[in-house]
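Notes to accompany the following structure.
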Amino acid sequence: MNYKRYAYINTIGCQMNVYDSEKLADILKSHGFEMTREMDKADIVVCNTCSIRHKAEEKAFSFLGKFAKEKKKRPHLITVMAGCVAQQEGEKAFARVPHLDIVLGTQAISRFGRHLDAFKSGKRQIVDIEESDVIFEAMPDIPVSSGSDFDENKISRFITIMQGCDNYCTYCVVPYVRGRERSRSHAGIVDEITLLANSGIREITLLGQNVNSYGVKEEGISFPQLLEKVSAVEGIARIRFATSHPKDLSLELIHAIRDIDKVCNHLHLPVQSGSNKILKKMNRGYTRETYLQRINALKKACPGISLSTDIIVGFPSETLEDFNDTMELLKTVEFDSIFAFAYSDRSSAPAAKFLDQVEETEKKRRLNLLLELQDVYTDKKNKALVGNSIEVLVEGKSLKQHDGFIKASDKMKQMTGRSASNKIIHFPSENSAIGDLITIRIENAYPHSLWGYPLGVEKNEK
Ligand code: SAH
Ligand code: SF4
Ligand code: F3S
């Protein structure tokens, strides 16, 4: 009998989970499953989970909890919890989700196939939260799929270059759920990117919790040297990376952003707080002053660089004065965008035991004030680009229409893409294709997008 078996993956959390989900999909495909976007059709459901904040963790449990009824109807359905909550909970996951079949920790991705086989042979309630030194190079028998199963955008991919974290910020679960920091070999990374480039990928984002310490433990090449190697891969037009830790941001990296053409003129540099007292309690290893010095060095070396950051409000003992220091820092730096979060207590992280927790309603109030302030700068930064000509990497057709702009027609298609500074740009175009680099003259700026015309296309052209 020839029937198809389908797999559905729900990815919660950061870009590293997106990358891991791609690997899980590759393994599932090599085990005869086809990926589906329809949950009801699935014979196996994988939830790749995140435990960075309480809400993310709850999302995972509520998603997987839903399958209790479904499994009664369809006993053959396999349910898998992967990722950071799986690593954190281990065996305990079965207490909350009794119908779960496999708990796959963050360092067990490459062993997923083995567990699927064991399940097929009758083994039940499988848990693997073992640590492992090997990362993805250890899966040479699993072909890397060319297109992403999760993203419509077929030209851009994430690549994890290092795993784990040794920084132990006091609020953060990552060191406990992703293990010690370790870097992949540069040859393995370049090989994987070459494969992707050969299949049409034009943009890659290199991922690590602190890319500045890439290769340090292994005494290998430095991160800026890795950027050089990646930039030599033919077909790759743009290189992004995340995350840089302010304490380790080197002059060498600043120069790499300035000097390597393919490296985008954009840096995500999480500050977390503008108060020295709070930064110390967070164990971030830098002060407000050193952060600002590094920002100044970046702005000087890389004019027009776009900057983004992460901020936590309401960390234990954050006073209004501390919060105000963060607000002031936003005014000083003028970030292009921020990701801001209300502090969430994580029982495995030391800050859970800190005194003077801030009330939830007060955290929300501060978060809103911060986001409102940032809107001013996001808008200002976008408006400053009106009249400029910007190179855009075309990502696909745009569903957005805007009054006053050329409407999609037989001749003109509405397309969308991103600038090197990571801004979304919509434009009409006759012949641009996904993956093309095209120069757009910006006409209008909105909080979340820019609109313009390709050079040579006039506004009144229909
Ligand atoms: N390695 C990166 C970030 C990893 S987590 C770095 O060092 O910046 C992504 C973001 O989640 C963090 O930058 C932080 O802003 C936020 N975050 C982490 N733990 C949190 C917690 N307990 N509560 C609220 N936000 C948190
Ligand atoms: Fe978490 Fe800090 Fe490591 Fe980032 S650097 S992952 S915030 S412990
Ligand atoms: Fe979440 Fe794990 Fe990433 S906790 S943010 S999925 S490393």
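This chain uses plain numbering: 1 for the first residue, then up along the sequence. When a ligand or atom number is given, it counts from 1 through the structure's own listing order.
Counting heavy atoms under 4.0 Å from ligand 1, residue Phe341 touches it through the side chain alone. At a 4.0 Å heavy-atom cut-off, ligand 2 touches Pro175 through the side chain alone. Only the side chain of Arg346 comes within 4.0 Å of ligand 1, counting heavy atoms alone; its backbone N, CA, C and O stay farther away. With a 4.0 Å cut-off on non-hydrogen atoms, Gln272 does not touch ligand 2 at all.
Here the protein heavy atom with the shortest distance to atom 7 (S) of ligand 2 is Tyr171 OH, 3.3 Å. In terms of protein heavy atoms, atom 1 (Fe) of ligand 3 is closest to Cys50 SG, 2.3 Å. The nearest protein atom to atom 24 (C) of ligand 1, hydrogens excluded, is given as Ala342 O, 3.4 Å; this is a heavy-atom distance. Annotation: atom 6 (S) of ligand 2 to nearest protein heavy atom, Gln209 OE1, 3.4 Å. The protein atom (non-hydrogen) at minimum distance from atom 7 (S) of ligand 3 is Arg178 NE, 3.3 Å. Shortest contact from atom 1 (Fe) of ligand 2 to any protein heavy atom: Cys172 SG, 2.3 Å.
Residue side and main chain included, Cys165 places no N/O/S atom under 2.8 Å of atom 1 (Fe) of ligand 2. Put simply, Cys169 gets within reach of atom 2 (Fe) of ligand 2, with an N, O or S atom under 2.8 Å from it.
Annotation: Tyr214 is not in aromatic contact with His186 [ring centroid separation under 6.0 Å not met]. Within the 6.0 Å centre-distance limit, the rings of Tyr168 and Tyr176 are counted as a close aromatic pair.
Using a 4.0 angstrom heavy-atom cutoff, Gly83 does not count as in contact with ligand 3.
Residues Lys380 and Glu334 are paired through a salt bridge, judged by an N-O separation under 4.0 Å between the basic side chain and the carboxylate.
The Gln209 neighbourhood of ligand 3 comprises atoms 7 (S), with distances under 4.0 Å to a heavy atom of that residue. Of all the atoms in ligand 1, the ones that sit under 4.0 Å from a non-hydrogen atom of Pro270 are 8 (O).
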